[in-house]
2 protein chains.
Amino acid sequence: MDEIEFQYLFNPRNICVIGASNRPNKVGAQVLTNLISCKFQNDIFPINPKHEKIFGLKAYANLKKISNYLDLAIITVPNFKVPAVLEECIEQNVKFAVIITAGFGEMIGYDPNGFKLRDNILNLLRKGDTRIIGPNCMGIACTESNLVGLMGFGFPPARHKINASIVSQSGTWGITTMRAGTIHGLGFSKFVSSGNEIDLRFEDYLEYFGTDPDTQIILGFIEGLRQGRKFIELAKKIEKPIIFIKGGKTKSGREAAKSHTGSLAGSQELYDAIFKQHGVIEVNNMAELVDTGRAFAQCLSYDPPKFPRGKRIGLSSGGGGFCVLLADHIEAEGLIMAQLDASTIEKLNKLLPPYWPHRNPVDLVASWQIGSYTKVIKILLDDPNIDAVITRPPIGFSLIYDNNNVQEFARENPFSAIGVSLEMMKDIDLGIVRGIGRMAQKSSKPIIIPLGFYTAEGPKQYEIIREFLTRGVLVAPSGQAAARILIKLYDYYKYQQRIKNEKP
Amino acid sequence: MDEIEFQYLFNPRNICVIGASNRPNKVGAQVLTNLISCKFQNDIFPINPKHEKIFGLKAYANLKKISNYLDLAIITVPNFKVPAVLEECIEQNVKFAVIITAGFGEMIGYDPNGFKLRDNILNLLRKGDTRIIGPNCMGIACTESNLVGLMGFGFPPARHKINASIVSQSGTWGITTMRAGTIHGLGFSKFVSSGNEIDLRFEDYLEYFGTDPDTQIILGFIEGLRQGRKFIELAKKIEKPIIFIKGGKTKSGREAAKSHTGSLAGSQELYDAIFKQHGVIEVNNMAELVDTGRAFAQCLSYDPPKFPRGKRIGLSSGGGGFCVLLADHIEAEGLIMAQLDASTIEKLNKLLPPYWPHRNPVDLVASWQIGSYTKVIKILLDDPNIDAVITRPPIGFSLIYDNNNVQEFARENPFSAIGVSLEMMKDIDLGIVRGIGRMAQKSSKPIIIPLGFYTAEGPKQYEIIREFLTRGVLVAPSGQAAARILIKLYDYYKYQQRIKNEKP
């Protein structure tokens with residue numbers, strides 16, 4: 001089989017929306033308006049014989065009247081009409097057809113008609129070169145070409161210096177991940193919802209993302225793979241971080257997967273072994289995926305990439321309880337509490353009050369000034385026994401104010417601790433971010449900050465997260481998450497080193 | 001020893017702030033202004049010989065000139081001055097002294113002077129009836145008396161129909177938990193930061209919360225217990241949900257704990273065994289504590305309490321990938337995927353398109369209307385094979401708009417899927433909340449909703465969470481969290497049943 005020209009899928013010279021509609025709640029309208037409003041760079045051709053114009057664009061009755069070359073068709077017509085429009089795509093040599101429509105036998109045992117339609121499509125495929133994405137998928141996206149060819153509520157995904165691409169066997173899951181990632185500071189290159197994989201499969205997209213120069217990180221949701229051998233080869237070959245969620249890890253999950261895309265979920269032990277042997281990073285939920293992906297993006301944004309080169313962690317925090325919990329998480333996640341070097345203890349003796357704990361974790365006790373706080377971090381980063389630092393700064397007090405009740409309270413009680421500190425707290429937060437940012441830039445070791453906890457204090461928290469991210473500082477929603485991310489970064493680094501050494 | 005009159009600690013007739021200060025950044029000012037601004041109901045006496053008035057209140061040079069009975073003194077003077085003011089407290093028969101000041105030997109090995117001061121205090125204690133909280137603690141709080149006797153940024157904790165009380169061996173951790181809980185819909189009765197536990201100990205507060213009629217749930221952070229036998233007796237005796245985080249579960253954590261409050265963390269196996277045998281609920285991080293506490297509060301708000309009476313879970317969701325992951329979480333957390341009753345399948349056949357999966361989880365496929373959605377939930381709740389329902393509703397699309405970029409995008413692209421749907425989505429969200437709320441009220445089985453993921457979409461998410469909570473619907477930040485909460489609710493129910501049966 002010829003090489004798949006994926007550049008025409010993600011950077012097409014034109015897109016036909018077959019089944020384009022004027023009615024906003026129709027999928028054909030969603031796809032079209034998503035393409036228009038997210039500013040796809042090239043031609044968009046709505047296909048619908050009943051209209052002359054749709055959302056301001058000239059509509060076409062069929063594909064024949066449009067252009068000599070057609071790169072991409074997105075199909076949203078009802079399932080029984082799909083074979084006919086696909087036949088037209090093949091006749092017109094359309095390179096790729098994304099079939100969003102469902103109803104092709106994916107509900108095993110309850111849809112004999114869908115099975116027949118599926119066979120029709122498979123027969124058609126043999127007649128030409130058109131390649132199919134889906135059916136029963138949510139579509140594709142690409143931030144280089146401003147292509148948001150998705151059903152549902154399309155919104156431009158974020159694009160940063162380092163970008164991830166998503167291949168997902170669950171469309172809803174994939175789109176939700178991309179939206180959450182965009183909110184949480186992760187950049188994206190490409191997205192594909194692979195659907196029933198009647199033609200192109202998970203492994204094909206994975207292969208492309210592995211070579212695509214615009215993809216630095218690969219994220220995915222797997223229910224069941226159809227080409228195990230190819231997957232193993234790819235996992236072996238691709239040197240980019242591959243971070244997957246595997247659905248169907250339990251018997252209950254596998255049974256649910258069977259009645260979903262009709263894929264075979266396969267033996268979980270096999271997946272575990274393949275992932276482990278070939279450096280595939282597995283996470284357990286969406287939040288972990290986004291947080292981990294973002295941390296990899298941060299590490300990769302440095303040249304050379306700034307991964308932890310060992311498992312020895314230096315900790316600093318204010319609040320003994322947090323120190324204890326952080327130390328627990330370090331050990332529980334397989335990291336090591338660094339033994340402070342004698343030179344570090346000497347430096348900290350000069351900086352901290354005499355009763356500081358003289359060991360790792362460094363409880364900052366009474367020395368809660370910004371200046372000494374960042375100095376402690378610098379001292380830890382300079383310690384030859386430390387590979388990475390987790391630090392819980394006295395940050396985020398300005399976040400307390402991101403709540404109507406608190407603001408009202410501060411206004412009504414200007415003399416209270418909360419009342420007197422409103423403006424001051426913002427300055428303190430910014431001062432800490434800048435101080436840690438400077439340390440991060442200068443050091444070859446990563447710093448990660450456990451910042452608040454899930455849904456903690458709203459949009460202001462994103463501001464602080466963004467400030468850290470723009471300065472190359474890693475963030476995590478909790479101490480546990482920080483430890484979990486660091487061990488994954490280290491494992492990836494170690495795996496890459498091993499691979500390099502094994503190469504001739 | 002006489003019974004401890006805790007009512008005078010949490011509902012004192014007056015509070016002396018020893019070391020009260022006019023300077024806002026001083027702890028003595030924080031405590032005083034927290035008491036004033038949070039509207040403590042009874043007398044507050046600032047003690048400071050250098051001032052006539054502090055924050056508008058008449059100041060006193062010492063305790064002698066104030067009143068015949070003094071219930072509570074909060075001490076914020078430097079450590080070397082503490083023995084003298086404590087002696088005064090004892091002479092004046094103050095019932096309780098909260099010593100916030102640190103520096104009493106808690107940093108083992110590096111503070112010989114602190115150890116001496118500690119011995120001074122212990123000697124003084126024998127001379128009178130004054131009981132000590134701390135030293136080296138963050139203070140106490142009580143929502144019945146509007147008492148916020150805390151250092152730092154005091155803010156009134158939330159108070160609901162069902163309230164939790166916190167006893168914490170880490171002050172910062174405890175206060176952060178109370179603030180996070182307040183934001184996330186958990187109500188509180190009392191809070192105590194137990195500090196070095198020179199006199200009153202974790203077990204004493206636990207004992208009181210066990211009998212306190214205003215405390216329905218007990219939350220705590222343990223580093224190390226000093227009265228193991230008493231703890232076991234209390235765990236056995238108290239029938240309220242007790243939810244703890246245990247710091248020092250690993251060797252690294254235990255070593256960090258040693259240099260913190262100077263407590264002995266003890267064997268983790270022993271704690272695990274005690275917790276398990278006596279129905280103490282253990283969680284691993286703050287988010288889990290708040291979420292679990294809130295779920296218990298929701299269950300207890302019904303009469304009789306609405307706990308799951310079995311482990312068989314009915315699932316419904318839109319999006320096959322989410323169904324697979326939910327099924328995985330169910331099994332991984334020790335719950336059981338319910339087998340749908342024949343009557344349920346019959347009812348769903350009438351409601352859903354023919355290709356619905358005919359099994360649990362119920363993937364709602366194309367039937368995404370609010371009406372059929374809530375009908376599916378009702379059908380699942382009525383199934384005799386189902387003990388609780390996890391459902392991931394098509395909710396929260398209005399949350400997408402809680403982002404400046406999205407709002408701008410919607411305004412600039414009024415024809416896009418996002419643009420046309422702004423107002424509609426709010427109605428849909430509210431419709432779903434109301435529909436599920438009605439089901440929850442009528443059923444004897446709990447419903448729990450995995451809603452977004454951590455820090456997902458900001459303040460609007462709290463609005464939806466609050467709407468669910470006021471209707472007695474449980475919420476969780478993810479499918480995994482939902483499953484983890486349900487098994488804890490069930491384990492508690494089962495434990496209580498066992499205890500009841502064992503009683504003569």
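Heavy atoms only: backbone and side chains are in, while hydrogens, waters and symmetry mates are out. Here is the naming used below: chain letters follow the sequence lines, and residue numbers restart at 1 for every chain.
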For A:V324 and B:W173, run side-chain contact (heavy atoms from CB on, under 4.5 Å): C-alpha distance rounded to whole Å, both residues' side-chain angles, the deciding distance at 0.1 Å, then the answer.
-> CA-CA 11 Å; A:V324 173; B:W173 182 90; over 6 Å; no
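Residue with the most contacts toward chain A among B:N25, B:L326, B:N113, B:T33: B:T33 (heavy-atom pairs, distance under 4.5 Å). Note on A:C323, A:A332, A:A102, A:P354: by heavy-atom pairs under 4.5 Å with chain B, the leading option is A:P354. The most heavy-atom pairs under 4.5 Å with chain A, out of B:S168, B:G152, B:P156, come from B:P156. Between chain A and the options B:N413, B:I336, B:N34, B:T250, heavy-atom pairs under 4.5 Å are most frequent for B:T250.
By the side-chain hydrogen bond (donor to acceptor under 3.5 Å, both in side chains) test, B:K251 is found to be paired with B:E255, residues two or more places apart in sequence or in another chain being considered. In this structure, B:Q30 has no side-chain hydrogen bond (donor to acceptor under 3.5 Å, both in side chains) partners at least two apart in sequence or on a different chain.
Contacts between A:I245 and chain B at a heavy-atom distance below 4.5 Å involve the side chain alone, from C-beta outward. Neither the backbone nor the side chain of A:I330 comes within less than 4.5 Å of any heavy atom in chain B. Both the backbone and the side chain of B:F415 come within contact range of chain A, with heavy atoms under 4.5 Å apart.
Between B:E412 atom CD and A:K39 atom NZ the span is 6.0 Å, to the nearest 0.5 Å. The CG atom of B:L325 sits 8.0 Å away from atom CD of A:E223, with the distance rounded to the nearest 0.5 Å.
Looking at B:E331, its side chain does come within 3.5 Å of a backbone N or O of A:S252 through a donor-acceptor pair. For the pair A:D328 (side chain) and B:G248 (backbone), a donor-acceptor distance under 3.5 Å is present.
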